[in-house]
Structure formats: C-alpha cells, structure tokens
Student: 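Structure provided below as structure tokens; questions to follow.
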Amino acid sequence: MALQVAGGAGCCGCLPLLGPWSRAAAFPPPRAVASDGAAVEDGSKTVLGGSGVAVTKLGIGAWSWGDTTYWNDFQWDDRKLKAAKGAFDASIDSGITFFDTAEVYGAGVSGAINSESLLGRFIKERKQKEVVEVAIATKFAALPWRLGRGSVLSALKSSLSRLGVSSVESYQLHWPGIWGNEGYLDGLADAYEQGLVKSVGVSNYSEKRLRDAYKRLKDRGVPLASNQVNYSLIYRNPEENGVKATCDELGITLIAYSPIAQGALTGKYTPANPPTGPRGRIYTSDFLSKLQPLINKIKEIGGSYDKTSTQVVLNWLICQGNVVPIPGAKNAEQASEFAGALGWSLTDQEVEELRSLAREVKPVMGFPVEKL
C-alpha cells in the first residue's frame with residue numbers, strides 16, 4: 001500500500017487541506033466513507049466532525065506507552081518498548097493509522113521517554129521502510145499554572161517537537177481547566193489558523209461545556225471536530241448526560257476512550273483473576289462477579305460471528321454511530337485483534353440486548369472532571 005505521512009511535512013493523506021477560513025466555511029455533520037468490506041485503509045475511514053480530516057473508524061490509544069504510573073506494573077524496560085513498537089507496526093499492517101496520545105502520557109512533559117516521543121520514534125523508524133500514513137491526535141494538559149492562549153501554542157510546539165512532525169491531525173484540550181478555558185479555546189483556534197493542527201477537539205467535556213466550546217470556536221470560524229470521553233458498554237454516561245446527543249446534533253465526533261473498560265470487557269479477567277495494579281481497585285472481584293452474565297452473552301454473540309469478545313464490544317460502540325473507539329494497545333497481538341472489530345456489524349437486536357444486560361451492572365466512576 002502506498003501511504004503518506006500525514007503528521008509531518010509530507011502531504012496529508014486525508015481530504016485536501018484548504019486554507020483555514022475556507023475549510024471552516026461550513027461544518028458538515030460527521031460522515032463515513034462507504035465501505036464495501038475492503039481493507040481497513042481503503043474503506044473504513046470517517047471524518048472528524050466538520051473538519052475534513054479523515055481517520056480510520058477505530059484508532060489506537062497510546063496512554064500506556066512509556067507509562068510507569070498506571071500501566072506496565074510501574075516499570076518500563078526494553079521488552080515493553082519492543083512490545084509497544086510491535087503494537088504500532090501491527091496497527092499499520094492492519095490498516096489502522098489513527099493514534100491518540102498526550103503530552104502527559106508516559107513520563108509526562110518533563111520526561112525523556114513519553115508516549116509522544118515514542119510514537120514519533122515509531123513513525124520515523126517505519127518511514128525508513130516505506131511511506132507511511134499516520135493521523136496523530138494529541139492533547140494539551142490544562143494545568144492550573146498554564147494561562148492564556150499562548151500556553152496552548154507553547155505546549156503544542158513542544159508536542160510537535162517530541163513527535164517529530166510539523167503538524168498534527170487533531171489537537172485536543174485534555175480536560176476542562178479550573179479557569180481560563182476561553183483562552184485555551186482561543187489558543188486552539190490560533191493553532192488551527194496557523195496550520196499547526198488540522199482539527200481541534202476537547203476531552204471530558206460536559207454537554208454545557210461542549211456547547212460553549214462549539215460556539216466560541218464557531219465564532220472564530222473553526223469547527224469543533226471531536227469530544228473525547230469515557231464510553232463503553234458498561235460506562236454509558238455519554239448516552240445519559242446529553243453528551244452523545246449533543247455531539248450528534250452539532251456534528252462533533254465522539255472519540256471513545258477506555259472502550260473495552262481497560263480490559264474488563266474482554267473476558268480476560270475473572271473474579272478469581274482480577275487485574276493487577278490500580279485497575280484492580282476499580283475492577284474488583286465483586287464487580288467482575290456481577291459482570292459475568294454480560295461477559296457470557298458477549299462471548300456467545302462473538303461465537304456466532306467468529307469474533308472475540310473484544311471485537312464485539314468495540315463493534316457495539318461503532319454501531320452507535322458517530323463514535324470512534326481508541327482502545328489501548330500494549331503489543332502486536334492486541335492491535336491485530338482490534339482490527340477485527342471493523343468490516344462487520346452487530347444487529348440492532350444484539351446491540352439492544354447487550355445494552356439491556358449492561359444496565360444490570362453498576363458503572364465504575366469515570367474521569368472526575370466530567371462534572372466540572
């Protein structure tokens with residue numbers, strides 16, 4: 001396959017890149033490129049909101065790459081690095097070319113090894129073998145001491161340096177700031193107008209914040225392309241708090257993080273074998289016991305399609321429409337499995353059957369800033 005680097009100085013592999021004002025002249029609703037069952041890179045792309053930026057219908061979350069605080073059992077070594085590189089290469093090989101990262105993932109903004117720098121390294125190494133199309137989404141951390149629109153541009157330029165690219169397909173506010181959100185949104189618009197980003201988004205935004213952000217950016221002639229929130233079969237808060245409906249109404253793509261509930265929906269964990277580390281305090285043996293009827297049904301439905309439980313729950317999200325899941329991949333096996341969620345669809349009856357069973361499971365807490 002012939003691919004282009006979309007995050008760097010090369011030609012963008014998305015829709016034609018026009019000037020910032022003409023790009024923003026109209027904000028069409030999200031639309032998907034029609035798929036006839038061809039390879040992922042040929043038929044499974046969707047457009048982020050009204051931005052004109054096309055990405056694969058499923059992306060890869062890179063939160064765990066380089067991380068030593070939540071993932072990887074508090075350690076990072078060459079073996080884990082090799083596994084992460086395998087996840088990147090397997091994603092590209094499977095046709096998944098959309099990667100989501102952030103300046104605070106991994107060692108964070110002060111560390112030499114973090115998710116952004118690793119993703120940049122992986123892209124560079126892959127480019128040495130072939131021309132590669134990669135759509136990059138990264139995020140600005142609304143830290144309390146960051147003030148004004150200038151802080152957004154400064155942080156973005158540091159992210160671009162770590163990634164080794166001249167622009168990214170998506171730049172998002174990672175969470176609402178305690179103060180200064182208007183300035184942050186103005187910073188996003190500045191970055192868009194300067195061509196440093198091809199689309200802008202927010203993350204963990206409530207319905208009210210989402211509407212306010214949409215209006216402020218629209219007044220600048222900039223489309224709000226996405227809102228990245230916690231969304232899975234067992235965490236359906238976006239359906240209940242108006243966020244999903246608002247995204248659909250305004251033509252904003254919902255990017256779903258933790259779409260497999262950090263592994264809890266894969267069937268990998270059982271009451272006798274809960275996850276280790278911080279996840280073990282969330283997905284306890286008691287919680288996993290209550291989850292088993294749903295897990296059994298997911299497995300049963302997957303069997304009828306020759307699909308894994310992971311592929312079923314990712315497909316369930318895609319079936320909601322206007323949703324791009326970004327499961328985290330720590331190795332090549334996981335990344336290859338995620339690709340199997342594309343190219344087929346659950347029936348409406350199966351979608352509702354799973355939702356009905358999921359209602360019997362009390363959801364775990366989401367990211368606390370959702371209610372700010």
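Computed from a prediction, not measured in an experiment: that's the story for all the values here.
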Student: What is the distance from atom CG of Leu185 to atom CZ of Arg209, rounded to the nearest 0.5 Å?
Tutor: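 Answer rounded to 0.5 Å: 9.5 Å.
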Student: Mind checking the CG-CG spacing from Leu346 to Leu317? Nearest 0.5 Å is all I need.
Tutor: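 Taking CG in Leu346 and CG in Leu317, the distance rounds to 10.5 Å.
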Student: Between atom CG of Asn331 and atom NZ of Lys82, what is the distance when rounded to the nearest 0.5 Å?
Tutor: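 Here the rounded value is 12.5 Å.
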Student: For the CD atom on Glu125, are there more than 12 heavy atoms of other groups (residues, nucleotides or ligands in this structure) within a distance under 6.0 Å?
Tutor: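 Yes, CD of Glu125 has more than 12 neighbouring heavy atoms, counting only those of other groups under 6.0 Å.
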Student: Is any NZ, NE, NH1 or NH2 atom of the basic residue among Arg126 and Asp93 found under 4.0 Å from an Asp or Glu carboxylate oxygen of the other?
Tutor: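 Judged by the 4.0 Å cut-off on N to carboxylate O distance, Arg126 and Asp93 do form a salt bridge.
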Student: Got Leu156 and Val197 here, is their nearest side-chain heavy-atom distance under 4.5 Å?
Tutor: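 Answer yes - side chains close enough.
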Student: Tell me whether Gln349 at atom CD has more than 12 heavy atoms from other residues, nucleotides or ligands lying less than 6.0 Å away.
Tutor: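 Count not over threshold, so no.
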Student: With a sphere of 6.0 Å drawn around CG of Asp348, does it hold more than 12 non-hydrogen atoms of other residues, nucleotides or ligands?
Tutor: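 No, CG of Asp348 has 12 or fewer neighbouring heavy atoms, counting only those of other groups under 6.0 Å.
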Student: Run Ser203 and Gln172 through side-chain hydrogen bond (donor to acceptor under 3.5 Å, both in side chains) and show every step you take.
Tutor: CA-CA 7 Å; Ser203 183; Gln172 307 152 93; 5.5 Å; no
Student: Is any side-chain heavy atom of Thr270 closer than 4.5 Å to a side-chain heavy atom of Leu288?
Tutor: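 No; the side chains remain at least 4.5 Å from each other.
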Student: Between Lys307 and Asn315, is any pair of side-chain heavy atoms under 4.5 Å apart?
Tutor: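 Sidechains of Asn315 and Lys307: no contact.
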Student: Working note: Leu188 + Val152, criterion side chain to side chain contact (heavy atoms under 4.5 Å, CB included); need CA distance, chi angles, decisive distance, verdict.
Tutor: CA-CA 7 Å; Leu188 288 184; Val152 176; 4.3 Å; yes
Student: How about Glu116 and Ile136: do any of their side-chain heavy atoms sit closer than 4.5 Å?
Tutor: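 No - every pair of side-chain heavy atoms lies 4.5 Å or more apart.
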Student: Please check: side-chain N/O of Trp179 versus main-chain N/O of Pro144, any donor-acceptor pairing under 3.5 Å?
Tutor: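 Yes, because the side chain of Trp179 sits within donor-acceptor range (under 3.5 Å) of the backbone of Pro144.
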Student: Without swapping roles, check the side chain of Glu337 against the backbone of Gln311 for a donor-acceptor pair under 3.5 Å.
Tutor: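 No.
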Student: Determine, for Asp212 against Arg216, whether the closest basic-nitrogen to carboxylate-oxygen distance falls under 4.0 angstrom.
Tutor: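 Result for this pair is no, no salt bridge flagged.
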Student: Can you see which heavy atom on Ile96 is nearest to which on Ala335, and at what distance?
Tutor: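 Reported closest heavy-atom pair: CD1-O, 4.5 Å.
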Student: Tell me, do Glu350 and Trp316 make a side-chain contact under 4.5 Å, heavy atoms counted?
Tutor: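 No, every pair of side-chain atoms sits at 4.5 Å or beyond.
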Student: Would you call Arg146 and Glu103 a salt bridge, taking side-chain N to carboxylate O under 4.0 Å as the test?
Tutor: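 Salt bridge: yes.
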Student: Using modelled atom types only, decide if a donor and an acceptor are shared between the side chain of Ser154 and the backbone of Gly150 within a distance under 3.5 Å.
Tutor: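 Checked: no pair found.
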Student: Got a second to check how far Asp186's CG is from Asp190's CG, nearest 0.5 Å?
Tutor: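 The distance works out to 6.5 Å.
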Student: Please report the shortest heavy-atom distance between Ser170 and Ser226, naming the atom on each side.
Tutor: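 Reported closest heavy-atom pair: OG-OG, 4.3 Å.
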Student: Does the salt bridge (Lys or Arg N to Asp or Glu O under 4.0 Å) test come out yes or no for Asp89 and Lys85, once each step is laid out?
Tutor: CA-CA 6 Å; Asp89 284 331; Lys85 176 62 161 56; 2.6 Å; yes
Student: For Pro238 and Val229, work out which heavy atoms get closest and say how close.
Tutor: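 Minimum heavy-atom contact is CG-CG2, 3.8 Å.
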Student: With distance as the sole test, does Ser115 use its side chain to make a donor-acceptor pair with the main-chain N or O of Ala62 at under 3.5 Å?
Tutor: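 Present.
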Student: Does the side chain of Pro293 reach to within under 4.5 Å of the side chain of Val361, using non-hydrogen atoms?
Tutor: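 Of all side-chain heavy-atom pairs linking Val361 with Pro293, none is under 4.5 Å.
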Student: Check the pair Leu81 / Arg121 against side chain to side chain contact (heavy atoms under 4.5 Å, CB included), numbers first and verdict last.
Tutor: CA-CA 11 Å; Leu81 173 61; Arg121 181 194 305 183; 3.5 Å; yes
Student: First locate atom CD1 of Ile60, then atom OG of Ser91, and finally report the distance between them rounded to the nearest 0.5 Å.
Tutor: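 It comes to 3.5 Å.
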Student: To check you understand the geometry: which heavy-atom pair defines the closest contact between Ile326 and Gln228, and what is its length?
Tutor: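 Heavy atoms only, the tightest pair is CD1-OE1, 3.4 Å.
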Student: Calculate, to the nearest 0.5 Å, the distance between atoms CD and CG belonging to Glu353 and Leu294 respectively.
Tutor: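 Separation between the atoms: 10.0 Å.
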Student: In this structure, is the centre-to-centre distance between the rings of Tyr184 and Phe140 below 6.0 Å?
Tutor: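 Ring centres of Tyr184 and Phe140 closer than 6.0 Å.
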Student: Does the side chain of Thr253 come within less than 4.5 Å of Val55's, by heavy atoms?
Tutor: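 SC-SC contact between Val55 and Thr253 ruled out.
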Student: Would you call the rings of Trp65 and Phe122 parallel, tilted or perpendicular, where under 30° means parallel and over 60° means perpendicular?
Tutor: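 Rings of Trp65 and Phe122: perpendicular, as their planes differ by over 60°.
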Student: Counting neighbours of CG on Asp219 that are heavy atoms of other residues, nucleotides or ligands and sit closer than 6.0 Å, is the number greater than 12?
Tutor: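 Enclosed.
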Student: Indicate yes or no: does Lys244 engage Asp248 in a salt bridge with an N to O separation below 4.0 Å.
Tutor: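 Yes, this pair counts.
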Student: May I ask you to decide whether Lys45 forms a salt bridge with Glu169, counting only side-chain N to carboxylate O separations under 4.0 Å?
Tutor: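 The answer is no: the pair does not qualify as a salt bridge.
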Student: Under a 3.5 Å cutoff, is there a donor and acceptor pairing between the side chains of Ser289 and Asp286?
Tutor: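 Side-chain D/A pair, Ser289 to Asp286: absent.
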Student: If only side-chain N and O atoms count, and only distance matters, is there a donor-acceptor pair under 3.5 Å linking Glu249 with Tyr214?
Tutor: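 Absent: no donor and acceptor within the cut-off.
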Student: Shortest non-hydrogen contact from Pro223 to Val200?
Tutor: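 Taking every non-hydrogen atom into account, O-CG2, 3.6 Å.
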Student: Do any N or O atoms from the side chain of Asn322 and from the backbone of Ile252 form a donor-acceptor pair under 3.5 angstrom?
Tutor: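 Confirmed, Asn322 side chain pairs with Ile252 backbone.
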Student: So which of Tyr205, Tyr257, Tyr105 actually passes ring-ring contact (aromatic ring centres under 6.0 Å, His included) with His174?
Tutor: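 That would be Tyr105.
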Student: So do the side chains of Val168 and Phe99 get within less than 4.5 Å of each other, counting heavy atoms only?
Tutor: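 They are not in contact (no side-chain heavy atoms under 4.5 Å apart), so the answer is no.
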Student: Start with the C-alpha distance between Cys247 and Val243, add both sets of side-chain angles, then the distance that settles side chain to side chain contact (heavy atoms under 4.5 Å, CB included), and finish with yes or no.
Tutor: CA-CA 6 Å; Cys247 284; Val243 165; 4.3 Å; yes
Student: Give the C-alpha distance, both sets of side-chain angles, the deciding distance and a yes or no for side chain to side chain contact (heavy atoms under 4.5 Å, CB included) between Thr310 and Lys268.
Tutor: CA-CA 9 Å; Thr310 298; Lys268 174 181 178 180; over 6 Å; no
Student: Please give me the minimum heavy-atom distance between Val323 and Ala256, naming the atom from each residue.
Tutor: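 Taking Val323 first and Ala256 second, the nearest heavy atoms are CG1-CB, 4.0 Å.
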Student: Taking the side chain from Ser117 and the backbone from Asn114, do they hold a donor-acceptor pair closer than 3.5 Å?
Tutor: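 Judged by distance alone, yes, a pair lies under 3.5 Å.
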